[in-house]
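Structure first, then comments.
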Amino acid sequence: MAYEFGAIEPKWQKRWEESGCFHVETGGDRPKFYCLEMFPYPSGALHMGHLRNYSIGDLTARFLRMNGYNVLYPIGFDSFGMPAENAAIKMKIHPAKWTLDNIDHVTGQFKSMGCSYDWRRMVKTCLPDYYRWSQWFFLRMYERGLAYKKHAPVNWCDSCGTVLANEQVIGEGVCWRCGTPVVKRALEQWFLRITDYAEELLENLDNLSGWPERVLTMQRNWIGRSEGVRFDMRIADTDLSIEAFTTRIDTIFGVTFVALAAEHPIVERLAEMMPRGRRDEVLEFVRRISSRSAIERTANDGDKMGIDTGFEAINPVNGTRAPVWIADYILMDYGTGAIMGVPAHDQRDFDFVRKFGLGIIPVVRAEGETAPNPDEMTAAIDADGIACNSGEFDGLPTPVAIEKIGEWFESNGWGRRETQYRLRDWLISRQRYWGTPIPVVYCDRCGTVPLPESSLPVELPFDARIPDNGGNALLDCEDWVRTTCPRCGGPARRETDTMDTFICSSWYFLRYLSPACDSSPFRPEDADYWMPVDLYIGGIEHACLHLIYARFFTKVVSDLGLVPSDMREPFTGLLTQGMVVKDGAKMSKSLGNVVDPDEIIKKYGADTARLFILFASPPDKSLDWSDKGVEGANRFLNRVYRMVDESASELRSAKRAAVSMDSLPAGPGKDLKRLIHSTIDRVTKDIKDERQFNTAVARLMELYNGLTVFNPGNEIEWSLFREGVESLLLCLSPFCPHICEELWEAMGNDDYLATARWPSVDTEALKADRVTVVLQINGKLREQYEVEPGLSKEELTKRIMDQPSAKSRVGGKEIVKVIAVPDRLVNIVLRG
RNA sequence: GCCGAGGUGGCGGAAUGGCAGACGCAGCGGACUCAAAAUCCGCCGUGGGCGACCACGUGGGGGUUCGAGUCCCCCCCUCGGCACCA
């Protein structure tokens, strides 16, 4: 007989909700814990990845609540974005309706999972009472110069019809949402000055000890700090100069050419001065290079293209002239868009000169060797060495040469040392309707004018019609666009771009703290109490997206004085859950290997689904979906149910007094007592310290196995059995809350397991009264003996050596050495 | 190329330098049943032996150690990130 999860689960979901037992308030005596999950985008229904995310979160929240923490565990919806607009076009339905309907559906799914959220704190980012504060943050940033508009080459996704931030161009240069290759377009767009925080974003990573190493590495890579020298080279016979950046200023004497990015602004100036024929060639080259997408650019890996401009740059250190080329491997958006070419010590430059027949001057030699002969070089030497052909700097080791030549440049006023980052400012404009309006108007007289705080929120016009071609519906909302300038009262037009949805998700965790606050984004006293988030659970895919943006926002919020000045990081603990895979591939519609959470919950119940997900693998590894494994989890719950159900009346009447170890005779009773408490001990450590939920479940299965073979025969044994069953239910309840509540009630308890105290470990019961000690001969396992614990090395050695079986193992051979590890083993090393 | 994670039975996965394979899945055998399902009991790394046992075994090769899945060096493979980043 299978237990009636279909009746049990809704029963407890209803009771929990009605009792408000998961509501939390700021303050109190208990220690606080903020357990946060990456909130979902409501694109229809939850998938298995969500189920995993929220099973882990709910387990954590329930466990800590039972352990005496005041646990903030909220949920909400990241509800602006493209899918709503796509649905609007496809299904002729308003994005708002589509979104809000989905939110209702997904809310029902969360409830059917048994998640212990404080539902009063629900946040929906597409509602004005939320996005009003995103606009408010924008205005604060604008005041501080952190939000600005500039004309720049930006990433454009043709399919989404909008620009994208650098972080949203992924893989081989495709759109993060739709996978379309991204192209560059020169447009005027809004940016947030995240690069102002580059150094701090990088530095603070060292303090995030609760983050997985791989996420830290990914962010370090992404921010990409490098130290070098920025300097100018005059272009001979012109009044122009080229600015270059290098991390290897020690190789300055090895410059044999200079290369510019095709998009470099100086190219046009040079072109104007070129003879007609060359000008046409150069401009044609530039056109060809700059029209390529990232994919095309990386496709011809290695093979470099270039064209000589006919101009020469003058090396500031010795006045030598180097030809100025335009090369396809120079990127406009890194450094200065121009480089000094040192083929002897940079492989890319080396490849370039070999193709175009330019010179090579080695200026670094290996220690103890002479400078290489340029004609015999087959590759650039980029390793550190000793400076040569470098005038007064000859003989200096590379790091010293970098230091000295850097100082020399600064003292001569040729350039300055500086730090470069790969991180770019965050492009936040989106040419989309379904997003937060940017609170700015354009006035003929006053120019760009930020709206006053009192006019917030700038609400999205509801009656917009999404054009079938996927364009921005706001462009057609003439009544909305036309407005008056808050400064001069004259006619003005609203900004029709909306904000990147990653703005919404950059501060939602603060809104949960004070969801109803209407005088500021959140109440500072709530943030003082709850922040930072103690554990944040979500997918690794946000390592260089949301997780960088939210860190940046938090630093800005701190600088604005809304949270204490030392609160610089939002998330102290991070758990990146692994993917859910089936048949060796990530679940996806196109592969047809998707398993619908609703169907699993309907067929086996939420408790089974949660148990399987938490048991099948450690949370940060990928999870192999197995229908058979789900059945196994279900089987286990059925067994637990039967065990309690079959002896419910005896359990109810059993005395609920902890049976002490002393009162039990040696044998099954003591063994069970020990099992109960070692299980509590291990499960607690597995959840709290290791976050190894799979092994915690295994331990609980072992406890169940121990309980089923125990046959209580007297009053004490029934009390012990009750202690065991209750411990099992208490420890299992964060994994499978419904069935545990049901059985808890069946045993005659009238409190909620959800708010019960986690069982404590009887340390007396952990002490073993005998241990298995193994005998090794030359490190190989030979015999096993039962002895009392706590024997000293000497006692143990003597005891084991006296065993007849041990004596015969040794025979007459010479004993070289005996190693004894108390309570574990004796290893006898024999000669020959 | 650089950085990170990983490689353990048929499968998912366990193992503070000390009994490799916990727990589960699958499989095999048995009980119950007219039968099946469900349930319960037993077996379950490979090779050898009737057997108690023996040998081998954690991607490959070396090393440290009384003892290595675990520590060190070299190599191979898988996954993930970054990548003409100057």
Side-chain angles (χ1 to χ4, degrees), chain A residues 1-2 170-172 212-222 224-226 228-230 244-249 251 259 261 294 297-298 300-304 327-331 333-342 345-349 351-352 382 420-422 540-541 543-544 576 578-579 581 611-612 615-618 620-633 635-636 638-639 642 682 692 694-705 708 772-784 816-821 823-830:
Chain A
M1 258 296 285
I170 57 166
E172 306 265 281
E213 196 53 44
R214 59 177 172 158
V215 177
L216 297 175
T217 309
M218 283 164 76
Q219 291 212 357
R220 284 191 189 106
N221 277 343
W222 187 259
R225 180 193 152 107
S226 56
V229 174
R230 180 193 282 262
F245 175 79
T246 181
T247 55
R248 291 294 304 274
I249 195 67
T251 62
R297 197 151 43 79
T298 41
N300 66 332
D301 48 352
D303 189 34
K304 296 178 173 41
D328 67 335
Y329 72 100
I330 310 305
L331 308 173
D333 51 14
Y334 186 78
T336 60
I339 59 131
M340 61 180 213
V342 185
H345 305 292
D346 183 293
Q347 189 58 41
R348 296 155 300 174
D349 297 348
D351 294 340
F352 191 73
D382 55 10
Q420 278 280 336
Y421 300 91
R422 215 190 64 103
I540 186 88
E541 67 273 16
C544 290
T576 49
M579 288 188 304
V581 304
L611 184 68
F612 168 72
F615 176 56
S617 68
D620 53 338
K621 300 253 178 65
S622 67
L623 182 153
D624 237 37
W625 187 265
S626 152
D627 293 334
K628 289 290 184 186
V630 178
E631 283 174 24
R635 223 164 12 232
F636 171 69
N638 274 319
R639 284 197 279 253
R642 268 199 309 275
R682 285 293 306 272
Q692 291 261 89
N694 55 329
T695 53
V697 174
R699 298 284 95 83
L700 292 170
M701 287 172 168
E702 284 173 312
L703 175 56
Y704 163 82
N705 291 340
T708 48
T772 304
V773 169
V774 303
L775 170 66
Q776 296 182 343
I777 304 289
N778 294 337
K780 286 194 190 296
L781 173 74
R782 289 303 179 224
E783 304 283 342
Q784 302 188 13
V816 179
K817 196 174 183 181
V818 177
I819 289 105
V821 181
D823 297 345
R824 281 191 184 274
L825 62 84
V826 171
N827 185 15
I828 303 174
V829 185
L830 299 177

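Here is how names work: the chains are called A, B, and so on, in the same order as the sequence lines, proteins then strands, and each is numbered from 1.
- Ion pairing of A:Glu213 with A:Arg220 is present here, as a side-chain N (NZ or NE/NH1/NH2) and a carboxylate O approach within less than 4.0 Å.
- Contact annotation: A:Ser226 side-chain N/O to B:A86 OP1/OP2 distance is under 4.0 Å.
- Side-chain atoms of A:Arg348 lie closest to B:C84 of the nucleotides B:G18, B:C84, B:G13.
- Distance noted for atom P between B:C3 and B:A20: 36 Å (whole Å).
- Distance, A:Asp346 CG to B:G1 P: 17 Å, rounded to whole Å.
- For the pair A:Asn694 and A:Ser617, the minimum side-chain heavy-atom distance is 4.5 Å or more.
- Atoms NZ (A:Lys304) and C1' (B:A83) sit 12 Å apart, rounded to a whole Å.
- Shown here, B:C82 forms a base pair with B:G1; the pair counts as Watson-Crick or G-U wobble because both key distances fall under 3.5 Å.
- Here the side chains of A:Asn778 and A:Leu830 are in contact, with some heavy-atom distance below 4.5 Å.
- For B:C44 and B:G29, the C1' atoms lie 11 Å apart once the distance is rounded to whole Å.
- Atom P of nucleotide B:G67 and atom CZ of A:Arg824 are separated by 18 Å, given to the nearest angstrom.
- Using a 4.0 Å cut-off, no side-chain N or O of A:Lys780 falls inside it from OP1 or OP2 of B:A68.
- If you check B:U46 for Watson-Crick or wobble pairing at under 3.5 angstrom, you find it paired to B:A55.
- The shortest side-chain heavy-atom distance between A:Val215 and A:Thr576 falls under the 4.5 Å cut-off.
- Separating the P atom of B:A22 from that of B:C11 is a span of 15 Å, rounded to the nearest Å.
- Listed nucleotides B:C23, B:G13, B:C3 differ in distance to A:Asn694; the shortest reach to its side chain belongs to B:G13.
- Ranking B:C40, B:G81, B:C23 by closeness to the A:Arg642 side chain, first place goes to B:C40.
- Of the listed nucleotides (B:A86, B:C23, B:C84), B:C84 has the atom at the smallest distance from the side chain of A:Tyr329.
- Considering only side-chain N and O atoms, A:Arg639 lies nowhere under 4.0 angstrom from the phosphate OP1 or OP2 of B:G24.
- Of the nucleotides present, none pairs with B:G67 by Watson-Crick or G-U wobble criteria with both distances under 3.5 Å.
- If you check B:G6 for Watson-Crick or wobble pairing at under 3.5 angstrom, you find it paired to B:C77.
- Between the P atoms of B:C43 and B:C23, the separation comes to 12 Å (whole Å).
- For A:Asn827 against B:C66, a side-chain N or O and a base N or O form a donor-acceptor pair under 3.5 Å.
- The same atom, C1', is picked in B:C41 and in B:C50; the two are 26 Å apart, to the nearest Å.
- The same atom, P, is picked in B:U16 and in B:G4; the two are 24 Å apart, to the nearest Å.
- Within 4.0 Å (heavy atoms only), A:Asn705 reaches sugar-phosphate atoms of the nucleic acid but no base atom.
- You'll find the side chain of A:Thr251 reaches within 4.5 Å of the side chain of A:Met340, heavy atoms only.
- Across all strands, A:Gly632 comes closer than 4.0 Å only to sugar-phosphate atoms, never to a base (heavy-atom distances).
- Note: CD1 (A:Ile828) to C1' (B:G18) measures 15 Å, nearest angstrom.
- For a distance-only test at 3.5 Å, the side chain of A:Gln784 qualifies as a donor-acceptor partner of the base of B:C19.
- A:Arg220 comes within contact range of no nucleotide atom at all, as no heavy-atom separation falls under 4.0 Å.
- Under the 90° criterion around 0 for the glycosidic angle, B:G9 counts as syn.
- The listed nucleotides are B:G81, B:G6, B:C23; the one nearest the side chain of A:Asn221 is B:G81.
- You'll find the side chain of A:Tyr421 stays beyond 4.5 Å of the side chain of A:Ser226, heavy atoms only.
- Position along RNA chain B of the nearest nucleotide to A:Arg422 versus A:Ala616 favours A:Ala616 as the more 5'-ward residue.
- Here the separation of B:A38 from B:G27, taken at their P atoms, is 10 Å to the nearest Å.
- The side chain of A:Leu331 has B:C84 as its nearest neighbour among B:C84, B:A15, B:G24.
- Nucleotide B:A26 holds its C1' atom 12 Å from the CD atom of A:Glu631, rounded to whole Å.
- Residues A:Tyr329 and A:Asp303 bring no donor and acceptor atom of their side chains to less than 3.5 Å of each other.
- Here A:Pro212 lies out of heavy-atom contact (under 4.0 Å) with every strand.
- For A:Gln219, no side-chain nitrogen or oxygen approaches OP1 or OP2 of B:C82 to under 4.0 Å.
- Residue A:Leu825 has its side chain nearest to B:G18 when only B:C23, B:C40, B:G18 are considered.
- If you check every strand for non-hydrogen atoms under 4.0 Å, A:Arg782 touches sugar and phosphate atoms only.
- Here B:G17 presents its C1' atom at 11 Å from CD of A:Gln776, a figure rounded to the nearest Å.
- Taking atom P in both B:C74 and B:C2, the straight-line distance is 13 Å, to the nearest Å.
- In this structure, B:C23 and B:G12 make a Watson-Crick or G-U wobble pair, each of the two defining distances being under 3.5 angstrom.
- Looking at A:Gln219, its side chain does come within 3.5 Å of a backbone N or O of A:Ala543 through a donor-acceptor pair.
- Atom P of nucleotide B:C25 and atom CH2 of A:Trp625 are separated by 15 Å, given to the nearest angstrom.
- Base pairing of B:G29: its partner is B:C41, meeting the Watson-Crick or G-U wobble criterion (both donor-acceptor distances under 3.5 Å).
- When rounded to the nearest whole Å, the span between CH2 of A:Trp222 and P of B:G81 equals 12 Å.
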